[in-house]
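To keep things clear, I will list the structure first and then write my remarks on it.
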Amino acid sequence: MIGYSEAPVAWGLTRGMARILGVSLTTAVVDGWLSRPELAVLVDRCQACQQKQACMSWLASAAHSPCLPVFCPNKQPLEALSFRN
């Protein structure tokens, strides 16, 4: 199982943003689209972000979207993964 017990909120938000795009981060790692170190960078970037409240609000209101909000520090890499789906 892939997860980040040291950063559970950041892991959940990163996974949530990916899911909105239709991306499973676990599948991306297993299938080789994303390495574990690259995934760790995404989670670390989220952990350092100061927009967690805005992120949680956006995730609560979005069911599916082709793009992420501009405040997301993982916007570009996660959207790039969505094109592999």
Can you give me the closest heavy-atom contact between Cys49 and Phe71, atom names plus distance? SG-O, 4.4 Å
Just so I know, are the side chains of Leu34 and Leu42 near enough to count as touching, which here means a heavy-atom distance under 4.5 Å? yes
Do Pro66 and Leu21 have side chains that approach each other closer than 4.5 Å (heavy atoms only, starting at C-beta)? no
Determine whether Leu78 and Ile20 make a side-chain contact, defined as any pair of heavy atoms from C-beta on separated by less than 4.5 Å. no
Distance in Å, Arg19 CZ paired with Leu59 CG, rounded so as to fall on 0.5 Å steps: 10.5 Å
Trp58 side chain near Leu13 side chain, heavy-atom distance below 4.5 Å: no
What heavy-atom pair brings Glu38 and Trp33 nearest, and what distance separates the two atoms? OE1-O, 4.3 Å
Check for a donor-acceptor pair, side chain of Ser24 on one end and backbone N or O of Thr27 on the other, with a separation under 3.5 Å. yes
Closest contact, heavy atoms only, Arg45 versus Pro73: CD-O, 3.2 Å
Leu68 and Asn74: side-chain contact (heavy atoms from CB on, under 4.5 Å), yes or no, with the steps? CA-CA 9 Å; Leu68 298 179; Asn74 288 319; 5.6 Å; no
Can you name the nearest heavy-atom pair linking Val23 to Ser82, along with the distance? CG2-CA, 3.4 Å
Could you report the tightest heavy-atom contact between Lys52 and Cys46, atom names first, then the distance? NZ-O, 3.3 Å
Lys75 (side chain) donor-acceptor with Val70 (main chain) under 3.5 angstrom: no
Backbone of Ala54 reached by a side-chain donor or acceptor of Ser57 within 3.5 Å: no
Would you say Leu25 and Leu81 make side-chain contact, with heavy atoms under 4.5 Å? yes
Tell me the closest heavy-atom pair linking Cys55 and Met17, and the distance in Å. SG-CE, 3.3 Å
Between the main-chain N or O of Cys72 and the side-chain N or O of Gln51, is there a donor-acceptor pair closer than 3.5 Å? no
